[in-house]
Number of protein chains: 2
Amino acid sequence: MAFSKKEEFTKEDMWLADIAKALAHPARIRILKILTSMNACMVGNIVEQLPLSQSTVSQHLKELKRVGLIDGEIDGPKVCYCINNKTLSKAKKEMDKLYSIICNC
Amino acid sequence: MAFSKKEEFTKEDMWLADIAKALAHPARIRILKILTSMNACMVGNIVEQLPLSQSTVSQHLKELKRVGLIDGEIDGPKVCYCINNKTLSKAKKEMDKLYSIICNC
DNA sequence: AAGATTTATCGTATATTTACGATGAACGAT
DNA sequence: ATCGTTCATCGTAAATATACGATAAATCTT
């Protein structure tokens, strides 16, 4: 992103852009769907369902966690990930707000 | 993105991820809002309202155009940009669909 | 025709993203 | 205590993204 000038934008636009960035890879969209369909699950379970290595999936999980869209809970040597519905609700709300502003529909 | 494995995902997830990528910068969200508030406008008009150089704004416009969220019409030496409501509607619809799948709200 | 205006593109620098294998850290099981 | 399992992190490579100034291309104005 080089030396980005993001400070010059509103907090709302920056937050939404950040959420959009987290959604900007099909693997991460897939992960959210997987977590929903299984309610919650271990990393290994997610890796199985994606055409990516364990380390790459771990990075995608980290990105989703960074923006708060998912939570990870340590369970022995495993880690159980799940959707963070609070952040997701907020994301939906803000996204709807954006569309209500810019969309004629 | 290195050598991305995006071929292994569904078209829907890839399309949505691509739309999200286009929204993944506050300047581009701002541009969509500006285009809405002014209905349509020239590049210079947009540049005025952003803390970015003309060439950088031009790149952001190109990214929005790439995914079809905006259209540009040449008008003399100027170019008039406007929202593409068709793509935007589809984006909203697909985004809603995603949220309806993954969101408990 | 010459000059001004407008915008896209080029060239460039730096940061970030995506991917992988290898390694390390934490835990459970033997 | 050692071994296997699970996952994050490190190191690395290549592609993209972001930003800018400079330049080119197209069009208006004079």
Side-chain angles (χ1 to χ4, degrees), chain A residues 1-9 13-14 17-31 34-35 38 40-67 70-82, chain B residues 1-9 13-14 17-31 34-35 38 40-67 70-82:
Chain A
M1 222 164 294
F3 43 107
S4 118
K5 284 196 170 173
K6 288 186 180 168
E7 325 75 44
E8 318 251 4
F9 298 100
D13 285 353
M14 286 192 291
D18 214 29
I19 291 292
K21 186 157 74 93
L23 298 177
H25 194 292
R28 293 195 289 266
I29 289 183
R30 193 83 193 80
I31 288 171
I34 291 170
L35 289 183
M38 309 188 69
C41 66
M42 306 298 153
V43 175
N45 243 310
I46 301 168
V47 173
E48 276 175 356
Q49 300 180 59
L50 293 176
L52 297 169
S53 72
Q54 180 265 318
S55 58
T56 301
V57 171
S58 192
Q59 278 184 53
H60 284 305
L61 288 167
K62 193 179 178 181
E63 171 67 7
L64 288 170
K65 204 175 167 188
R66 181 185 66 81
V67 297
I70 65 173
D71 292 314
E73 196 180 343
I74 295 171
D75 172 24
K78 305 184 182 179
V79 178
C80 182
Y81 279 99
C82 63
Chain B
M1 223 165 293
F3 43 106
S4 118
K5 284 195 170 173
K6 288 186 178 169
E7 325 75 46
E8 317 251 6
F9 298 98
D13 285 352
M14 285 192 292
D18 213 30
I19 291 292
K21 186 155 74 91
L23 298 177
H25 194 292
R28 292 194 291 267
I29 290 184
R30 192 83 193 82
I31 288 171
I34 291 170
L35 289 183
M38 309 188 68
C41 65
M42 307 298 154
V43 176
N45 244 312
I46 301 169
V47 173
E48 277 174 357
Q49 300 180 57
L50 292 175
L52 297 168
S53 73
Q54 180 265 319
S55 58
T56 301
V57 171
S58 191
Q59 278 183 54
H60 284 305
L61 289 168
K62 192 179 179 182
E63 171 67 7
L64 287 170
K65 204 174 168 187
R66 181 185 66 82
V67 297
I70 65 173
D71 292 314
E73 196 180 344
I74 294 170
D75 171 25
K78 306 184 182 181
V79 178
C80 182
Y81 279 99
C82 63

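Per chain, numbering begins at 1; letters A, B, ... match sequence-line order. The analysis underlying the following values was restricted to heavy atoms, covering all of them including side chains, and did not include hydrogens, waters or symmetry mates. These numbers were taken from a predicted model, which means no experiment stands behind them.
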Check your understanding: To the nearest angstrom, how far is E73(A) atom CD from dT6(D) atom C1'?
Key -> 16 Å
Exercise for review: Sequence neighbours left out, what passes side chain to side chain contact (heavy atoms under 4.5 Å, CB included) with A27(B)? Give chain and number order.
Suggested key: F9(A), H25(B), L52(B), H60(B)
Review point. Which whole-number value in Å describes the distance from L52(A) CG to dG21(C) P?
Key: 11 Å
Point to revise | Side-chain N,O (H60(B)) to OP1/OP2 (dA17(D)) below 4.0 Å | key: no
Revision key, fill the gap. Q54(A) meets the side chain to side chain contact (heavy atoms under 4.5 Å, CB included) criterion, sequence neighbours left out, with V47(A), S58(A)
Point to revise | Under 3.5 Å donor-acceptor, R30(B) side chain and I46(B) backbone | key: no
**Study point:** Test side chain to side chain contact (heavy atoms under 4.5 Å, CB included) applied to Q59(A) - qualifying residues, sequence neighbours left out
**Key:** none
Check your understanding: Starting at CD1 of I74(A) and ending at P of dA8(D), how long is that distance when rounded to a whole Å?
Key -> 9 Å
Point to revise | Integer-rounded Å distance: dA25(D) C1' and D75(B) CG | key: 17 Å
Review point. In chain order, what residues pass the side chain to side chain contact (heavy atoms under 4.5 Å, CB included) check against K62(B), with sequence neighbours excluded?
Key: none
Practice item. Let me know the distance between CZ of F9(B) and C1' of dA19(C), rounded to the nearest Å. Key: 12 Å
Review point. Quick one: on DNA chain D, does E63(B) or G76(B) contact a more 5' nucleotide (nearest heavy atom)?
Key: E63(B)
Review point. How would you list, by chain and number, every residue that makes a salt bridge (Lys or Arg N to Asp or Glu O under 4.0 Å) with D71(B), sequence neighbours excluded?
Key: none
Review point. How many Å lie between CG on D18(A) and P on dA17(D), as a whole number?
Key: 16 Å
Practice item. Measure the distance from NE2 on H25(B) to P on dT16(D) and round it to the nearest whole Å. Key: 18 Å
Practice item. Specify the separation, in whole Å, of atom CG of L23(B) and atom P of dT18(D). Key: 12 Å
**Study point:** Nearest to side-chain heavy atoms of R28(A), which nucleotide of dT18(C), dA17(D), dA19(D)
**Key:** dT18(C)
Practice item. Using a 4.0 Å cut-off on protein heavy atoms (strictly under), produce a 5'-to-3' string for nucleotides 4-9 of chain C with B for base contact, S for backbone-only sugar-phosphate contact, and - for none. Key: --BBBB
Check your understanding: Taking C-beta and beyond as the side chain, do K21(A) and V67(A) meet within less than 4.5 Å on heavy atoms?
Key -> no
